[in-house]
Chemist: 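One structure, as structure tokens, below. Some questions next.
By convention here, the first residue in the shown sequence is residue 1.
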Amino acid sequence: MSESKEDTDITIQSVTDQVNTRNNLSSIMPTFSAFSEKLASSRYLKWAIIALLPALILLRNPVEQLDTDLWWQMALGKYYITHHTLIADHSIFSWTPTDPTWIYNTCLGSIVFYLGYSLMGGFGLWIIQWLIFIGVFVSFYLFLRLIGQRLDITSVTIIAAIGMVCSLACSMYKPELFSALLFCWTVFIFFYVKLTRQTLTFYIYPLLFALWVNLHGAFIFGLIFLVLVFTGELLNRIFFSKESFTTKDLTHLGIVCVLSFAATVLNPYGIDYLSSTYNGLTSDAYMSLINKYILAYLSLWPYLKDINVSSFRLGQTAWIMTIMMFFLGCLFLYELIKKRSCDFALLFVNVALYWKGMETSRASYFFPLAFFFSFFYLLHRLKLKNVLGKATILSLLVFFFFFASTSYLTVRYGAGSKWFGMGIDSFVPVKEVAFLKKYHPEGPIFNDYVIGGYLMWDLYPDYKVFIDPRCSPFRKQTFPDYMAFTNVRVTGKDIQRFREKYPFKIAILHYRQLILIYDFLQAGGEWRLLYFGQNAAILMHKSLLPTISPEMGSVDLSPVRFRKVTNPQVLLNIFHFYINVNPNAARFIYDIYKINVSDYYKFKEEHLQGMDLAIRLKESEAKARKKGPTLVTPLSGAGLGKGNAASVRNDFSKPLPTL
């Protein structure tokens with residue numbers, strides 16, 4: 001009897017605990033919501049977050065070190081201006097075989113960036129970028145005003161999330177930035193008409209596409225957007241006619257779609273440009289080549305589960321986009337349950353853009369732009385705008401996470417980063433190209449893919465490039481051959497066979513291809529070091545040795561040249577090059593690294609330890625070689641003439657000379 005009573009007491013107690021827990025939760029939630037709404041009403045807090053927004057976007061978008069497209073885009077802009085034309089012969093910049101059927105048109109975009117750089121240097125490029133950022137923000141602000149929504153903490157946090165995602169592609173200075181702005185306007189116009197039913201506004205689209213087709217090739221996404229919304233609105237009309245466009249509205253939208261497609265013919269190449277673009281996008285061989293080798297086209301799906309410091313930006317982008325899609329999915333489900341309705345246009349657009357953005361990182365900026373308008377439109381239509389105020393605390397936490405993580409990564413991992421367009425040319429072979437232009441050794445040249453764009457900009461017409469980041473003109477022969485040659489270790493015989501097909505005598509290679517540089521210099525004495533700077537090395541074939549002038553041979557190659565370099569990756573590249581020449585020079589670079597690189601840089605201690613170990617190993621090897629014959633010559637080559645020029649250039653197949 002007593003046991004039964006105890007069991008009864010336990011049961012009653014557990015029920016009582018559950019009831020108390022529910023009461024506590026029910027009392028906490030209103031308190032949380034009330035506190036959130038109180039924070040949302042704070043003007044000082046709101047303006048503080050708004051003031052921090054541009055600072056966050058600035059931190060997230062330093063000068064991009066891997067921007068390979070800017071220089072060839074400006075080279076095209078320069079060509080258009082100097083030749084008074086809007087049509088470029090894309091084969092003139094290279095000496096290797098190109099596809100004459102390939103057409104690419106960014107005439108207006110390339111001209112704008114060329115003029116910006118010519119007038120104000122890197123700062124001019126930054127100004128263009130931020131004018132576009134401001135244009136996107138103004139579009140967001142006008143849309144919020146249109147639906148009667150304030151620019152509050154939650155909406156600013158959503159804009160910050162969009163900025164974080166878009167930075168993956170929009171941190172680089174190139175005509176693609178115009179596509180972000182014009183796509184934003186394309187989506188804004190659609191939702192403006194959806195809210196106001198002023199269908200004549202649709203007729204802005206043909207003018208917009210006539211401009212867009214001459215700025216950048218992503219106008220294709222704008223056309224796809226129109227097709228998707230027209231199809232979706234047609235289904236809305238059939239299944240949910242109450243809130244859909246009228247037949248008259250759909251007629252206007254259909255006419256505008258046709259006119260917009262027709263407007264894209266208004267480019268210097270006419271219909272040929274569209275057919276060339278279509279052929280490129282539908283070529284399985286070409287797209288598989290691009291997806292395999294070009295990082296801009298990598299998929300974001302793996303980064304949903306594999307996120308670490310090295311890929312944090314990719315992982316963060318993937319997760320922000322996925323959370324955005326989750327929120328939209330919740331709103332679509334809510335509308336389906338509550339109203340027995342579904343907006344097919346919004347569903348098609350957001351699902352398609354989310355999938356494409358996750359599949360191809362370069363296209364990741366389209367979905368968040370469409371998300372902003374779709375999300376706030378659905379909140380407005382479903383009368384759920386009060387949710388924004390209740391989410392203020394969560395929004396603050398998210399915003400401060402964005403700001404803290406971006407600041408931390410900038411300080412700890414972004415040593416050497418620059419802003420406002422400064423130092424845009426510090427990652428390209430400026431002095432290396434100046435050396436070639438001054439002494440003009442006999443070509444043609446072999447160059448790596450990365451620096452080909454800069455060579456188009458600064459070295460043409462003195463030399464034509466082997467390959468460059470345009471990629472498409474070389475897709476049938478040169479690009480596959482180049483990838484097959486550079487993606488493996490090569491021997492002297494491999495280089496000789498490659499030269500039988502492409503008879504170059506000079507090679508200029510970025511330090512990203514350091515192993516390839518070593519392979520050349522270890523090719524049985526066939527190749528010698530001619531010059532190297534902070535970003536690239538210039539190699540020459542031994543057949544050019546008799547042409548070396550005393551002046552060319554006496555060029556300063558000492559490590560003192562790099563005493564003002566602060567970028568750790570650049571210094572590390574230079575160190576790895578010098579360590580194979582002489583430990584004393586490498587030690588000098590080690591000292592520069594130790595002084596110039598910030599102590600806050602995460603990898604500084606690790607790099608210094610590795611550099612010191614490498615120096616000690618080389619010094620040990622040098623001591624071991626003292627028992628045998630030694631080769632010691634000044635690398636600068638001072639006082640050398642044609643006869644002994646060969647002795648000053650390093651044959652890496654033998655014991656290395658010292659400085």
Side-chain angles (χ1 to χ4, degrees), residues 132 135-136 139-140 143 158-170 176-194 205 208-209 212 216-236 253 257 260-261 264 277 281 287 291 296-304 314-333 335 342-379:
I132 289 170
V136 171
S139 302
F140 290 164
F143 182 72
I158 291 173
I159 293 173
I162 292 169
M164 301 288 278
V165 174
C166 291
S167 68
L168 203 61
C170 297
E176 191 167 6
L177 286 167
F178 290 114
S179 287
L181 178 63
L182 294 180
F183 183 77
C184 184
W185 288 356
T186 300
V187 182
F188 174 77
I189 290 170
F190 170 74
F191 279 97
Y192 177 82
V193 175
K194 203 169 173 67
Y205 277 141
L208 187 147
F209 279 94
W212 195 350
H216 186 256
F219 70 91
I220 295 292
F221 280 87
L223 295 177
I224 292 172
F225 173 84
L226 291 185
V227 171
L228 289 174
V229 295
F230 178 76
T231 305
E233 290 298 339
L234 191 61
L235 292 175
N236 289 344
L253 181 57
C257 286
S260 298
F261 272 86
T264 59
T277 303
L281 294 174
M287 293 309 297
N291 293 330
Y297 293 87
L298 61 81
S299 171
L300 294 177
W301 293 112
Y303 297 97
L304 286 174
L314 293 168
Q316 190 180 53
T317 299
W319 272 106
I320 291 174
M321 289 175 61
T322 301
I323 292 170
M324 286 177 174
M325 194 65 233
F326 172 76
F327 284 151
L328 283 179
C330 291
L331 291 176
F332 287 133
L333 187 61
E335 183 179 34
C342 177
D343 194 319
F344 287 109
L346 272 60
L347 182 64
F348 291 169
V349 164
N350 286 283
V351 170
L353 292 178
Y354 169 74
W355 174 83
K356 184 58 181 174
M358 292 294 291
E359 193 70 21
T360 308
S361 59
R362 185 172 179 176
S364 57
Y365 61 92
F366 293 107
F367 168 67
L369 295 174
F371 164 83
F372 180 89
F373 297 101
S374 302
F375 180 74
F376 282 99
Y377 171 79
L378 287 172
L379 289 181

Chemist: Could you go through the side-chain contact (heavy atoms from CB on, under 4.5 Å) check for L328 and S374 one step at a time?
Modeler: CA-CA 8 Å; L328 283 179; S374 302; 4.2 Å; yes
Chemist: Would you say the ring centroid of F219 lies under 6.0 angstrom from that of F183?
Modeler: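 Distance test on ring centres: not under 6.0 Å, no.
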Chemist: Quick one: do F367 and M358 satisfy side-chain contact (heavy atoms from CB on, under 4.5 Å)? Show the steps, please.
Modeler: CA-CA 9 Å; F367 168 67; M358 292 294 291; over 6 Å; no
Chemist: For a quick test of reading the model, state the closest non-hydrogen atom pair linking C257 to F230 and the distance between them.
Modeler: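 Shortest heavy-atom separation between C257 and F230 comes out as SG-CB, 4.2 Å.
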Chemist: With rounding to the nearest 0.5 Å, note down the distance linking CG in D343 to CZ in F348.
Modeler: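 The distance works out to 10.0 Å.
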Chemist: In sequence, state the C-alpha distance, the side-chain angles, and the governing distance for W212 and F209, and then conclude on ring pair (Phe, Tyr, Trp, His ring centres under 6.0 Å).
Modeler: CA-CA 5 Å; W212 195 350; F209 279 94; 5.5 Å; yes
Chemist: For the residue pair F221 and F366, categorise the inter-ring angle as parallel (less than 30°), tilted (30 to 60°) or perpendicular (more than 60°).
Modeler: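 Answer is parallel, since the angle falls under 30°.
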Chemist: Minimum heavy-atom separation for Y365 to S179, with atom names?
Modeler: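 Closest approach of Y365 to S179: OH-CB, 3.6 Å.
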Chemist: Could you grab the distance from atom NZ of K194 to atom CG of L253, nearest 0.5 Å is fine?
Modeler: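 Answer rounded to 0.5 Å: 10.0 Å.
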Chemist: Would you give the length of the straight line joining atom SG of C330 to atom CG of L378, rounded to the nearest 0.5 angstrom?
Modeler: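 Reported value, rounded in 0.5 Å steps: 11.5 Å.
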Chemist: First locate atom OG of S364, then atom CD of E359, and finally report the distance between them rounded to the nearest 0.5 Å.
Modeler: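 Atom-to-atom, S364:OG and E359:CD are 12.5 Å apart.
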Chemist: Assess whether side-chain contact (heavy atoms from CB on, under 4.5 Å) is satisfied between N350 and F375, documenting all intermediate values.
Modeler: CA-CA 10 Å; N350 286 283; F375 180 74; over 6 Å; no
Chemist: Measure across L181 and G135 and return the closest heavy-atom pair with its distance rounded to 0.1 Å.
Modeler: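 Heavy atoms only, the tightest pair is CD1-C, 3.7 Å.
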Chemist: Quick check against the 3.5 Å criterion: does N236 have a side-chain atom that pairs as donor or acceptor with the backbone of F344?
Modeler: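 Present.
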Chemist: Between P368 and I162, what is the shortest heavy-atom contact and its length?
Modeler: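 Smallest heavy-atom distance, with atoms named: O-CD1, 3.5 Å.
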Chemist: Taking the ring of F376 and the ring of F372, is the distance between their centroids below 6.0 Å?
Modeler: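 Centroid separation for F372 and F376: below 6.0 Å.
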Chemist: Just to verify, which of F371, W301, F326 counts as forming a ring-ring contact (aromatic ring centres under 6.0 Å, His included) with Y354?
Modeler: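 It is W301; the other options fail the test.
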Chemist: Okay, side chain of Y205, backbone of T186: is any donor-acceptor separation there less than 3.5 Å?
Modeler: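 Side chain of Y205 to backbone of T186, a donor-acceptor pair under 3.5 Å: yes, one is there.
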Chemist: Just verifying a value: how many Å separate F178 CZ and W185 CH2, rounded to the nearest 0.5 Å?
Modeler: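 Going from the CZ atom of F178 to the CH2 atom of W185 covers 10.0 Å.
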Chemist: Which heavy-atom pair separates L300 from G357 by the least distance, and what is that distance?
Modeler: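 Closest heavy-atom pair between L300 and G357: CD1-O, 3.5 Å.
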Chemist: Once you round to the nearest 0.5 Å, how far does CG of L182 lie from NE2 of H216?
Modeler: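 Output value for this atom pair is 11.0 Å.
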Chemist: Which heavy atom in V136 sits nearest to a heavy atom in A180, and how many Å separate them?
Modeler: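 Taking every non-hydrogen atom into account, CG2-O, 4.4 Å.
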Chemist: Kindly determine whether L347 and C342 satisfy side-chain contact (heavy atoms from CB on, under 4.5 Å), including the steps that lead there.
Modeler: CA-CA 8 Å; L347 182 64; C342 177; 4.1 Å; yes
